[in-house]
2 protein chains.
Amino acid sequence: MTARTHGTLYGVGLGPGDPDLMTVKGRRLLERIPTVFVPISEISDTSVAGTIVRDLLRPEQVVVPLAFAMRRPRAEREAAWRASCDRIALALADGDDAVFVTEGDPMTYSTFAHLAETLRETHPEVRMVIVPGVTSFAAAAAATGVPLVDARERMVVLPGPYERASLETMLRGFDSLVLMKVSSGLDVVIEALDATGRAADAVFIERCGWSDERVVGDVSTLRGLHVDYFSLILVRHRQTNGHG
Amino acid sequence: MTARTHGTLYGVGLGPGDPDLMTVKGRRLLERIPTVFVPISEISDTSVAGTIVRDLLRPEQVVVPLAFAMRRPRAEREAAWRASCDRIALALADGDDAVFVTEGDPMTYSTFAHLAETLRETHPEVRMVIVPGVTSFAAAAAATGVPLVDARERMVVLPGPYERASLETMLRGFDSLVLMKVSSGLDVVIEALDATGRAADAVFIERCGWSDERVVGDVSTLRGLHVDYFSLILVRHRQTNGHG
């Protein structure tokens, strides 16, 4: 008698937006695997990951949106995670594989890390393979031509929303900073950059990797304005000469 | 009369080692472009990037190794950068494109960032397009199943070699740390992990993305041992519950 074998769940990072910036491995999995799970964002009520892969999928592939109730109370969130895990385990039970796609990298501020943890607890029989992706900040560095780190430099990656005093401490302590999700509280970030004398080191990138990508070199011009949720700021000493 | 147009230099991040972890865009450029520049490492006197792409190139593609004298005095290094830039500009002068390949991401501790800066100074006529790549630390997180950052966590990326007091300060201040290039001074890192009570949060990854990849969960077992140059340690609070 052979034990019934579950399929594998592939957690695939799609990169920053341009479908050509996903990995060859991720693309190959998306071409092969019949069931594609996509997380639904509560910010926009749409799936960014779903948008990235939309034109790559064939009609016979099944796209299953999963909502995670990220802004709800903890008990509701946990129930949503468990329901998603049950849905995924069901898809794998007959031995078929499935893909869970996520923008950027699955291990960097991603829904997938939550999902994987819950799945390990609730369905330990499920085998997972994680396929890394290009992060939004690596893509932003490429788009702007500003290196993230070089030689002996140290880099810190900070998520929004920002508290001004703590941000100023970081701006004073690090050569290279990635400020993620600056849309909520952009003015706080601009004030902290000014107060630490680092405004000239900063560059703003909105919707990096999408066709409407926007780069702004003088961040002070953004004061008081609304920017897209997918926005970040890179800060790096311009005087670093790069010759190590 | 038409002005002579130079070709474009594409700086392509190849990702951590597995050629399937490069981007679709990078792969497509490598299939199309006749001249491929590869940096030579002085650590091993071979080209890691060249090894990654070796089986992807056709015999008619020209592979040009470039050495950068990274361990030499500054004047020699600068002369080496300029010579490489002249060689690249020559390849582009007739309108052909060229690729410069680099392991990981071109803007994260990469030879490419140096090269791009020198090229902008010495050959401002050259157009550059940078194609980001999967970093070694994103690949390590995928390989180990340890998320890099989640929710409101802050991450710091530190290059070796390490000074113990400064490393301990970082280990006490951040939930999530990426310790790059731990091979030179691994014992210092292990001592700092022990002193800050964070040894249980650490995982060691050697040659991530290669066929001989190795993951070690208990880093104290590596005390006194030699490890590969391409080794890193991820540190992240294990007690973080991941439900944000």
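Being a predicted model, the structure only gives us computed values, none of them experimental. So you know, we letter chains A, B, ... as the sequences are listed, proteins then strands, and number each from 1.
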| request: Specify the closest pair of heavy atoms between B:Arg154 and A:Pro159, including all atoms of both residues, with the distance to one decimal. | output: CG-CD, 4.1 Å

| query | What class does the angle between the rings of A:Phe137 and B:Phe137 fall in, given that below 30° is parallel, 30 to 60° is tilted and above 60° is perpendicular? | reply | parallel

| What residue in A:Gly11, A:Ala141, A:Pro106 has the most heavy-atom pairs under 4.5 Å with chain B? | A:Ala141

| task | Identify the residues of residues 12-19 of chain B whose heavy atoms come closer than 4.5 Å to a heavy atom of chain A, ordered by number, or report 'none'. | result | none

| task | Looking only at non-hydrogen atoms, find the nearest pair between A:Gly133 and B:Val134 and report the distance. | result | C-CG2, 3.7 Å

| note | Counting heavy-atom pairs under 4.5 angstrom with chain A, the leader among B:Lys181, B:Met128, B:Met170 is B:Met170

| remark: A:Ala142 and B:Met107 have their tightest heavy-atom pair at N-CG, 4.0 Å

| query | Among A:Leu158, A:Val157, A:Val146, which has the most heavy-atom pairs under 4.5 Å with chain B? | reply | A:Val157

| field | Chi angles and distances behind the side chain to side chain contact (heavy atoms under 4.5 Å, CB included) call for B:Val24, A:Met22 | value | CA-CA 6 Å; B:Val24 170; A:Met22 76 180 63; 4.2 Å; yes

| Contacting moiety of A:Ala116, where chain B heavy atoms sit under 4.5 Å | neither

| request: Determine whether more than 12 heavy atoms belonging to other residues, nucleotides or ligands lie under 6.0 Å from atom CZ of B:Arg127. | output: no

| request: Specify the closest pair of heavy atoms between B:Ile130 and A:Gly145, including all atoms of both residues, with the distance to one decimal. | output: CD1-CA, 4.2 Å

| request: Would you indicate whether the side-chain heavy atoms of A:Asp150 and B:His114 approach each other to under 4.5 Å? | output: yes

| Are any non-hydrogen side-chain atoms of A:Asp20 and B:Arg28 less than 4.5 angstrom apart? | yes

| task | Under 4.5 Å heavy-atom distance to chain A, tell me which part of B:Arg152 shows up: side chain, backbone, both or neither. | result | both

| query | Contact part of B:Phe112 toward chain A, heavy-atom cut-off under 4.5 Å: side chain, backbone, both or neither? | reply | neither

| message | Run A:Val131 and B:Leu21 through side chain to side chain contact (heavy atoms under 4.5 Å, CB included) and show every step you take. | response | CA-CA 8 Å; A:Val131 181; B:Leu21 292 181; 4.0 Å; yes

| request: Taking all heavy atoms of A:Ala138 and all of B:Pro132, pick out the closest pair and write down the distance. | output: O-CB, 3.8 Å

| remark: The interface call for B:Val178 against chain A, heavy-atom contacts under 4.5 Å, is neither

| request: Answer yes or no: is there a donor N or O on one side and an acceptor on the other, between the side chain of A:Tyr109 and the main chain of B:Leu148, under 3.5 Å? | output: no

